[in-house]
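Keep in mind that this is a model prediction, so the values were computed, not measured.
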Amino acid sequence: MDGAEFHAAVYDTVRLIPPQKVTSYGHIAKLIGMPNRSRHVGQALKFLTAETTPPVPWYRVISSSGTISSRGPGTTGAQNQSNELEAEGVEVTVGRTGEMKVDFSVYGWFPEPGSI
DNA sequence: AATTTGACTGACA
DNA sequence: CTGTCAGCCAAAT
C-alpha cells in the first residue's frame, strides 16, 4: 500500500462513519490495518478541505481523548468542526478555555477491524 | 543526507 | 487535572 492508497483507504473509512457518530485517528488507522499510522491519518485529512465526491466527513474524526484538535490559533478549523458536529446533532461540550469535547460513551463509533 | 514536524496514542508521574 | 516520555513514520526543511 503506497501513499495514494493510504489516502484512499482513510477516506473510505471516514465515509463509513455513521451520522451523529465520531471516532478517533488511532481507530481509523486500526480499521485500515495500520494501527501505528495515527499521525498520517491526520495528515491525510488535512489534505482534504477541498470538495470531494462523495464528500468526506472529516469532522467526525477527533482525538482519542474525545477532544477536537485545535490546530493553530484563532477560531479556525476546530470551531468550524464543532459547528459541523452540532449541525449533525452531536453534543459538543465547550469549557471556559474553549475546549471542545464529545462524549464517546454516547457518540463514539469504534467497530472492530473486519466487522466492516 | 540529516533533522525536525505533525489535525496522534498510550503509559506513567 | 497537567506534564513528560517513548513509539511511530511520511513529508517538509
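- By the neighbour-count criterion of 12 heavy atoms within 6.0 Å, atom CD of A:Glu91 is sparsely surrounded, having that number or fewer from other residues, nucleotides or ligands.
- In this structure a side-chain-to-backbone donor-acceptor pair under 3.5 Å is present from A:Gln81 to A:Tyr59.
- Between A:Gln81 and A:Lys30, the residue whose closest nucleotide on DNA chain B is further toward the 5' end is A:Gln81.
- Between A:Ile32 atom CD1 and C:dA10 atom P there is a gap of 14 Å when expressed in whole angstrom units.
- Judged by distance alone, the side chain of A:Ser38 and the main-chain N or O of A:Tyr25 form no donor-acceptor pair under 3.5 Å.
- For A:Ser63 and B:dA7, the shortest distance from a side-chain N or O to OP1 or OP2 is not below 4.0 Å.
- Toward the 5′ end of DNA chain C lies the nearest nucleotide of A:Glu99, the other residue of the pair A:His40 and A:Glu99 mapping further downstream.
- Counting to the nearest Å, the C1' atom of C:dC8 and the CZ atom of A:Phe6 are 12 Å from each other.
- Checking side-chain atoms of A:His40 against main-chain N and O of A:Ala29 turns up no donor-acceptor pair under 3.5 Å.
- For the P atom pair drawn from C:dA6 and B:dA7, the interatomic distance equals 22 Å after rounding to whole Å.
- Nearest to the side chain of A:Arg37, among B:dG6, B:dA7, C:dC8, sits C:dC8.
- Between the CD atom of A:Gln43 and the C1' atom of C:dC9 there is a distance of 9 Å, rounded to whole Å.
- For B:dT9, one of the phosphate oxygens OP1 or OP2 lies less than 4.0 angstrom from a side-chain nitrogen or oxygen of A:Ser64.
- Rounded to an integer number of Å, the gap from CD1 of A:Ile62 to P of B:dC8 is 12 Å.
- A sub-4.0 Å separation between OP1 or OP2 of C:dC9 and a side-chain N or O of A:Asn36 is present.
- Between the P atom of B:dC8 and the OH atom of A:Tyr25 lies a distance of 5 Å, rounded to the nearest Å.
- For DNA chain C, if you chain together Watson-Crick or G-U pairs that step i with j, i+1 with j-1 and so on, the runs of at least three with distances under 3.5 Å are B:2-6 with C:9-13, B:8-13 with C:2-7.
- A:Lys21 NZ: more than 12 foreign heavy atoms inside a 6.0 Å radius.
- Atom P of nucleotide B:dC8 and atom CH2 of A:Trp58 are separated by 13 Å, given to the nearest angstrom.
- At the heavy-atom level, A:Ser65 lies nowhere under 4.0 Å from the strands shown.
- Each of A:Met100, A:Glu99, A:Lys101 was checked for a side chain to side chain contact (heavy atoms under 4.5 Å, CB included) with A:Thr67, and the lone residue meeting it is A:Lys101.
- Of the listed residues (A:Leu31, A:Val56, A:Val61), just one forms a side chain to side chain contact (heavy atoms under 4.5 Å, CB included) with A:Thr13, and that residue is A:Leu31.
- Checking B:dG6, B:dC8, C:dC1 against every side-chain atom of A:Lys101, the shortest atom distance belongs to C:dC1.
- Residue A:Ile28 contributes atom CD1, which lies 14 Å from atom P of B:dC8 at whole-angstrom precision.
- Comparing C:dA10, B:dA7, B:dT9 by their closest approach to the side chain of A:Ser38 singles out B:dT9.
- The base of C:dC8 sits with one of its N or O atoms less than 3.5 Å from a complementary donor or acceptor on the side chain of A:Arg39.
- Crowding of A:Glu5 atom CD: a count of heavy atoms from other residues, nucleotides or ligands under 6.0 Å exceeding 12.
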